[in-house]
Chemist: 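Mind having a look at this structure? Questions to follow.
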Amino acid sequence: MRLKPYVRSLTIALSLVAIAGCSSTGGTQGGTSSGAGGAGAGGTGTSTSGYGSGQAGSTGVSSGAGQMADSRIPDVRTIYFAFDSDTIRPEFQSVLEAHARYLRANPGTQVILQGHTDKRGTREYNLALGERRANSVKRYLDVQGVSPSQLEVVSYGEERPAVRGNTEEDFARNRRVVFAY
Amino acid sequence: MRNLMTPWLFAILMMFSALAQADLTIDITRGNEQATPIAVVPFAGGEGLSEDLAQIVADDLERSGYFTPLARSAMFTQPSSRDQVTYGDWKALNTRYLAVGQVNQNGNNITIRYELLNIGGESLMLEETVNASPTALRAAAHRISDRIFEEITGIRGAFSTRIAYVTSSGLGDNTRYGLYIADADGRNSQEILSSDEPVMSPAWSPDGKKLAYVSFETQRPAIYVQDLASGRRAKLTSFEGLNSAPAWSPDGRKLAMALSKDGQPDIYLMDIGSGNLQRLTDGGSIETEPSWSPDGRSLIYTSDRSGGPQVYRQMLGDSSAERLTYTGGYNARGQFSPDGEQLFLIHRGNRGYKVARQDLSSGRLVELGDSRFAESPSVAPNGTMVIFATQRNGKGVLGAVSADGRASFFLPAAQGDVRDPAWSPFLN
């Protein structure tokens with residue numbers, strides 16, 4: 001069930017292809033500070049890497065590939081979970097089956113299963129819970145005959161909430177796994 | 001828009017916005033009613049300085065929860081040395097201790113001379129002269145706070161320490177994340193890293209010169225170690241799956257971490273010099289949030305092997321662990337007090353997620369503070385305060401509570417959310 005390094009590289013390459021049409025780019029700046037106690041010294045920014053961010057874009061595989069049902073990435077790309085649970089709810093089984101059909105029909109396509117939690121509890125433990133949710137989806141797709149080499153799990157825990165707020169509904173919308181093609 | 005900027009221009013703009021907006025402010029919500037009354041008189045000759053030194057000292061002492069500074073408007077007189085002090089005036093105000101001082105500026109050399117007096121005993125406890133440059137006045141005031149605090153309480157002051165924390169603004173794919181360090185009072189903030197992808201779990205090296213943290217900037221989590229003085233950094237791990245929760249050993253040679261490369265998240269030790277990895281736990285459950293005992297001979301971590309998260313302790317060299325927490329169904333992210341006798345952790349009680357303190361010998365757990373969404377507790381190097389992240393008015397803010405729970409305050413950012421605080425070790 002492990003993804004091999006070359007698959008990871010391929011996934012990165014494909015996701016870069018996927019966002020090539022998007023305008024969202026960003027960078028990471030590493031700053032420097034003067035020594036401890038050096039008041040008033042600012043950091044000098046140096047760009048350490050450039051990368052794209054984006055998800056749910058369309059891949060080169062699907063664009064212009066006709067109108068067959070399995071040639072388009074399914075529209076619903078997020079499924080939700082109950083509190084403290086990684087169980088696939090019955091109402092989302094059809095969503096997973098649609099993704100399974102698409103991935104079986106397009107064996108060259110990779111997807112990242114992004115696991116998320118609500119904000120309650122500690123961040124690092126939530127990272128582990130988000131991974132457990134995404135792994136639950138991965139196992140489901142595996143049983144549906146999707147090649148493990150097409151699937152990668154990345155957990156964000158509570159770091160990338162879909163919505164703000166502290167209501168039960170807000171929490172429910174953040175407990176999710178996102179298919180990021 | 002961003003595409004039109006060169007990376008340098010962008011970096012410079014980010015730097016200025018960081019300097020203006022990233023400082024945290026202090027908002028004291030609960031003072032300690034049993035705190036000791038002290039008066040810190042404005043230092044004579046300090047009127048023209050960019051910082052109000054006596055106010056910084058008074059604020060430091062109040063934040064500790066140990067002291068209640070007297071309001072300036074209540075002072076009958078404002079002496080600047082002990083020969084000007086009339087003890088009866090201060091006894092009438094129930095003041096136990098009095099700090100007075102004077103400032104002399106000679107070009108870029110500022111000399112602060114202060115005295116600490118015991119009002120009841122009518123005696124001098126401390127007199128000292130501190131030299132400072134105009135740009136290091138806050139640091140000088142924090143040093144004075146450290147000395148006064150230690151002289152009265154017998155506990156080393158931690159006002160000259162720093163905190164690391166993570167900020168975020170925006171939502172979803174447009175969220176911007178920043179890693180900062182600031183003085184323990186939230187001022188003098190400096191950006192360490194900014195990214196379009198999550199940054200989390202900053203951890204100070206024991207010498208205070210480096211930060212380990214987790215960054216998703218390659219769209220996967222990886223553990224980095226960054227030297228604070230030079231800004232240079234190295235990527236330590238980027239295994240498949242989680243690369244999470246770095247924690248330095250007390251000798252600074254090893255980093256404990258949670259990795260899921262072999263299945264469910266487990267605790268590993270990395271020898272930083274060689275990069276060698278040693279696996280500490282091996283089970284079908286989640287193990288994460290490692291933290292070292294002060295003597296470096298054991299680790300605590302969170303595990304859900306019993307069904308929900310609880311804190312376990314494992315001696316280095318042992319393969320079995322002892323469960324430490326039994327109060328309630330959720331206890332996570334434990335951290336030892338500096339003396340190794342207490343545990344600070346996040347506990348789910350009837351009213352949400354709280355910072356709690358558990359006495360290791362008795363096992364008794366006490367909730368601290370009244371937050372519903374507490375996470376990421378980090379204890380001050382002198383063990384008197386715990387800083388943590390929580391929610392207030394719908395925003396992520398930092399909170400701090402005294403180790404006895406009597407005093408608490410918040411450190412909100414001017415804008416955006418703040419979380420993931422890490423208190424530095426002693427830096428001087």
Side-chain angles (χ1 to χ4, degrees), chain A residues 2-3 5 8 12 15 23-55 84 112 119-129 131-132 135 152-166, chain B residues 2-3 7 10-12 14-15 18-19 135-136 138-139 162 171-173 175 181 188 190-198 200-201 208 216-220 226 228-231 233 240-242 244-245 258 260 265 286 288-289 302 309 330 332-333 346 353 373 375-376 391 394 419-420 427:
Chain A
R2 305 279 111 212
L3 284 187
R8 169 174 296 195
I12 295 169
S15 60
S23 61
S24 166
T25 60
T28 299
Q29 288 82 38
T32 61
S33 68
S34 65
T44 55
T46 48
S47 182
T48 55
S49 66
Y51 58 87
S53 72
Q55 54 179 292
D84 202 22
I112 295 177
K119 69 169 65 155
R120 292 174 292 181
T122 65
R123 307 192 87 87
E124 290 79 10
Y125 187 68
N126 280 340
L127 214 52
L129 293 179
E131 183 180 63
R132 191 175 269 176
N135 275 329
E152 184 183 359
V153 162
V154 174
S155 175
Y156 286 93
E158 62 177 286
E159 306 304 314
R160 289 182 74 169
V163 297
R164 297 177 64 91
N166 294 331
Chain B
R2 256 192 246 159
N3 292 339
F10 183 55
I12 289 165
M14 285 303 298
M15 191 177 85
L19 287 174
T135 55
R138 296 193 69 86
R162 310 202 83 191
L171 193 62
D173 291 345
T175 308
I181 55 176
N188 196 21
Q190 295 168 318
E191 186 182 280
I192 300 303
L193 183 79
S194 99
S195 177
D196 291 340
E197 299 288 337
M200 61 187 295
S201 308
F216 284 70
E217 65 198 58
T218 61
Q219 301 196 310
R220 283 156 188 75
Q226 184 161 332
L228 293 173
S230 69
R233 63 180 193 153
E240 185 189 341
L242 296 190
S244 172
S260 62
I286 291 171
T288 185
E289 303 176 338
T302 306
Y330 192 114
R333 213 181 194 269
I346 295 300
Y353 296 79
F373 297 104
E375 57 185 16
S376 307
Q391 296 278 313
R419 73 283 192 107
D420 240 340
L427 299 172

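Reminder, nothing fancy here: chain letters follow the sequence lines and each chain counts from 1. All heavy atoms count here, side chains included; hydrogens, waters and symmetry mates do not.
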Chemist: Evaluate B/R419 against A/E158 for salt bridge (charged side-chain N to carboxylate O under 4.0 Å, His left out), listing each step before the verdict.
Modeler: CA-CA 12 Å; B/R419 73 283 192 107; A/E158 62 177 286; over 6 Å; no
Chemist: Do the side chains of B/E240 and A/V153 get nearer than 4.5 Å, heavy atoms only?
Modeler: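 No - every pair of side-chain heavy atoms lies 4.5 Å or more apart.
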Chemist: Heavy atoms only: give me the nearest A/Y156-B/P198 pair and the separation to one decimal.
Modeler: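 Of all heavy-atom pairs spanning A/Y156 and B/P198, the closest is CD2-CG, 3.8 Å.
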Chemist: Output the option from B/I346, B/I286, B/T288 having the highest count of non-hydrogen pairs under 4.5 Å with chain A.
Modeler: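 The residue among B/I346, B/I286, B/T288 with the greatest pair count is B/I286.
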Chemist: So which part of A/A162 gets closer than 4.5 Å to some heavy atom of chain B, the side chain, the backbone, both or neither?
Modeler: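 The answer is the backbone of A/A162.
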Chemist: State, yes or no, whether a side-chain contact exists between A/R120 and B/Y330 at a heavy-atom distance under 4.5 Å.
Modeler: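 Not in contact.
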Chemist: Can you tell me how far apart OG (B/S260) and CG (A/L127) are? Round to the nearest 0.5 Å.
Modeler: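 Going from OG on B/S260 over to CG on A/L127, the span is 8.5 Å.
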Chemist: What heavy-atom pair brings A/R164 and B/G394 nearest, and what distance separates the two atoms?
Modeler: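 Closest approach of A/R164 to B/G394: NH2-O, 3.2 Å.
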Chemist: Are the side chains of A/V154 and B/Q219 in contact, using a 4.5 Å heavy-atom criterion?
Modeler: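 When only atoms from C-beta onward are counted, A/V154 and B/Q219 do not touch, as no gap falls below 4.5 Å.
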Chemist: Which heavy atom in A/S155 sits nearest to a heavy atom in B/F216, and how many Å separate them?
Modeler: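 Minimum heavy-atom contact is O-CE2, 3.2 Å.
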Chemist: For B/S201, is it the side chain, the backbone, both, or neither that has a heavy atom closer than 4.5 Å to a heavy atom of chain A?
Modeler: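 Answer is both: backbone and side chain atoms of B/S201 are under 4.5 Å from chain A.
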Chemist: Given the options B/D420, B/L242, B/T302, which has more heavy-atom pairs under 4.5 Å with chain A than any of the others?
Modeler: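 That would be B/L242.
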Chemist: Do the charged groups of B/E289 and A/R123 touch, with an N to O distance under 4.0 Å?
Modeler: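 Result for this pair is no, no salt bridge flagged.
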Chemist: Hey, are A/K119 and B/E375 close enough for a salt bridge, meaning a charged N less than 4.0 Å from a carboxylate O?
Modeler: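 Answer for the salt bridge query: no.
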Chemist: Just wondering, do B/E197 and A/E159 contact through their side chains at under 4.5 Å, heavy atoms?
Modeler: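 With C-beta onward as the side chain, the pair stays apart.
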